[in-house]
Amino acid sequence: MKPPAFAYHDPGTVEEACTLMATLDNARLLAGGQSMMPMLNMRFVMPDHLVDLGCIPALSAIEERPEGLRIGAMTRQRDLEHSAAVRARCPLLADAIQWVGHRQTRNRGTIGGSLCQLDPAAELPAVCAALDAVLTVQSARGVRTMPFQAFPAGYMTPSLEPDELLTAIELPDWPQGHGHGFVEFARRHGDYAVVLAAALLVVDAAGKITRASLTLGGIGPAPVRVAAVEQALVGQVASSALFRQATEACRALEAMEDVHAPASYRQQLAVVMSRRALDAALASIAQGGRATGAAGH
Ligand SMILES: Cc1cc2nc3c(=O)[nH]c(=O)nc-3n(C[C@H](O)[C@H](O)[C@H](O)COP(=O)(O)OP(=O)(O)OC[C@H]3O[C@@H](n4cnc5c(N)ncnc54)[C@H](O)[C@@H]3O)c2cc1C
């Protein structure tokens with residue numbers, strides 16, 4: 001299959017890219033191309049102009065800041081996988097990235113492309129939801145930031161204007177020694193998840209949970225933070241029995257239905273994946289909160 005004809009542009013700065021997006025008719029951005037090229041070849045999208053962000057070095061950096069990591073939108077998924085800063089400061093991301101596609105797709109695919117593609121079962125949007133990431137967006141009209149929770153506008157639709165670029169993702173630190181767990185159920189190695197779960201826990205010296213974050217992917221059109229479970233956990237002594245009891249609430253979540261699985265199957269998976277993610281988060285505290293590389297692809 002061949003893509004439709006388009007004019008190719010390779011700006012060298014974010015400003016040039018913004019000007020192109022503000023002035024060209026029917027233009028689309030190209031990041032790693034791992035979703036865009038198939039969409040072009042299948043003619044799901046037919047742009048007149050393709051603006052490649054691959055020649056803008058300023059968009060590819062993993063910056064360590066006092067409050068957390070700042071990651072350029074064009075940072076390749078493989079660079080995240082190999083980053084010592086990501087492993088040390090954001091072990092949830094270090095574990096989740098290994099579930100994203102295959103080594104070959106991670107070599108090209110970017111964090112920004114994955115967020116903008118916003119597949120409901122994608123790993124990186126779920127990590128951003130779990131961590132309350134803050135996104136920076138730029139256009140010829142200026143720069144704005146938004147919490148990740150405000151980013152999904154609908155099914156596979158980010159709340160970006162057609163001329164806007166996602167430029168950076170800020171991932172706030174969780175306290176040193178926090179627990180993290182990332183698990184997913186997929187039909188084959190490298191597939192998108194049917195359902196995935198990401199969990200973060202802070203536990204005090206007495207074993208009580210002082211902070212909890214639980215996110216599910218593959219359930220709804222965008223990642224879902226399960227506030228009912230988070231609230232049920234805080235103040236309780238962390239244990240598998242507690243997680244088993246609290247995660248039953250996931251069965252009541254509204255779930256998607258598609259060719260891969262009916263809603264009831266996803267609800268059952270939501271319960272099981274949530275429990276396993278919380279168990280993994282608790283176990284990781286005992287191991288010093290390090291990334292596990294659990295997917296092992
Ligand atoms: C075989 C295969 C298996 C895969 N498995 C998985 C998987 O298990 N999990 C998973 O999450 N993903 C998976 N993917 C998708 C992969 O992660 C892609 O990297 C990702 O979906 C898109 O990232 P990209 O950088 O390639 O973006 P592109 O494909 O270049 O772009 C994707 C979309 O985002 C827009 N866009 C890109 N960057 C920006 C930006 N900075 N600002 C605004 N808009 C932008 C583009 O215009 C386009 O609409 C798989 C892909 C393949 C080919």
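Position 1 is the first residue of the sequence, and the numbers go up from there. Computed from heavy atoms alone, side chains included, the values below leave out hydrogens, waters and symmetry copies.
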Check whether any side-chain heavy atom of [X] sits under 4.5 Å from a side-chain heavy atom of [Y], and report yes or no.
{"X": "E257", "Y": "P262", "value": "yes"}
{"X": "V195", "Y": "Y265", "value": "no"}
{"X": "L171", "Y": "C128", "value": "yes"}
{"X": "F6", "Y": "L30", "value": "no"}
{"X": "L131", "Y": "H180", "value": "no"}
{"X": "L124", "Y": "I169", "value": "no"}
{"X": "S274", "Y": "L216", "value": "yes"}
{"X": "W174", "Y": "S213", "value": "yes"}

Checking side chain to side chain contact (heavy atoms under 4.5 Å, CB included) for the pair D48/L24: CA distance, chi angles, key distance, verdict?
CA-CA 9 Å; D48 292 316; L24 296 173; over 6 Å; no
Could you label the plane-to-plane angle of the F182 and W99 rings as parallel, tilted or perpendicular, counting under 30° as parallel and over 60° as perpendicular?
tilted
Parallel, tilted or perpendicular for H189 and H102, by the 30°/60° rule?
perpendicular
Is it possible for you to say whether [X] and [Y] belong to one hydrophobic cluster, with membership spreading through side-chain heavy-atom contacts below 4.5 Å?
{"X": "V137", "Y": "I71", "answer": "yes"}
{"X": "L165", "Y": "L118", "answer": "no"}
{"X": "L53", "Y": "Y8", "answer": "no"}
{"X": "L253", "Y": "F243", "answer": "yes"}
{"X": "V100", "Y": "I62", "answer": "yes"}

What's the spacing between [X] [atom1] and [Y] [atom2] if we round to 0.5 Å?
{"X": "S239", "Y": "L282", "atom1": "OG", "atom2": "CG", "value": "8.0 Å"}
{"X": "M256", "Y": "Q267", "atom1": "CE", "atom2": "CD", "value": "11.5 Å"}
{"X": "L29", "Y": "H49", "atom1": "CG", "atom2": "NE2", "value": "13.0 Å"}
{"X": "L233", "Y": "R211", "atom1": "CG", "atom2": "CZ", "value": "14.0 Å"}
{"X": "R275", "Y": "L242", "atom1": "CZ", "atom2": "CG", "value": "12.5 Å"}
{"X": "Q268", "Y": "R251", "atom1": "CD", "atom2": "CZ", "value": "4.5 Å"}

Backbone of [Y] reached by a side-chain donor or acceptor of [X] within 3.5 Å:
{"X": "T157", "Y": "A153", "value": "no"}
{"X": "N26", "Y": "M46", "value": "yes"}
{"X": "T167", "Y": "T136", "value": "yes"}
{"X": "R65", "Y": "R70", "value": "no"}
{"X": "R89", "Y": "D173", "value": "no"}
{"X": "S83", "Y": "D79", "value": "no"}
{"X": "R76", "Y": "R108", "value": "yes"}
{"X": "T75", "Y": "A73", "value": "no"}

Does the pair R141/E161 count as a salt bridge with the N-to-O cut at 4.0 Å?
no
Identify the heavy atoms of [X] and [Y] that sit nearest to each other, and give their distance.
{"X": "H178", "Y": "S284", "value": "O-OG, 4.3 Å"}
{"X": "P120", "Y": "P221", "value": "CB-O, 3.6 Å"}
{"X": "L200", "Y": "A130", "value": "CD1-O, 3.6 Å"}
{"X": "P223", "Y": "T215", "value": "CB-CG2, 3.9 Å"}
{"X": "M273", "Y": "E184", "value": "SD-C, 3.8 Å"}
{"X": "R43", "Y": "K2", "value": "NH2-O, 3.0 Å"}

Test applied, side chain to side chain contact (heavy atoms under 4.5 Å, CB included); reference residue, K208; option that passes from V237, V234, V202
V237
Working for side chain to side chain contact (heavy atoms under 4.5 Å, CB included), residues M156 and D119:
CA-CA 5 Å; M156 296 186 79; D119 190 286; 4.0 Å; yes
Report the C-alpha separation of R103 and R78 in whole Å, then their side-chain angles, then the decisive distance to 0.1 Å, and conclude whether the side chain to side chain contact (heavy atoms under 4.5 Å, CB included) test is met.
CA-CA 7 Å; R103 192 169 299 160; R78 193 81 172 138; 3.2 Å; yes
Please walk me through it: do F148 and D132 pass side chain to side chain contact (heavy atoms under 4.5 Å, CB included)?
CA-CA 6 Å; F148 179 80; D132 294 314; over 6 Å; no
In Q98, Q34, Q77, E81, the residue satisfying side-chain hydrogen bond (donor to acceptor under 3.5 Å, both in side chains) with R106 is E81
Can you tell me if CD on Q176 sees more than 12 non-hydrogen neighbours from other groups inside 6.0 Å?
no
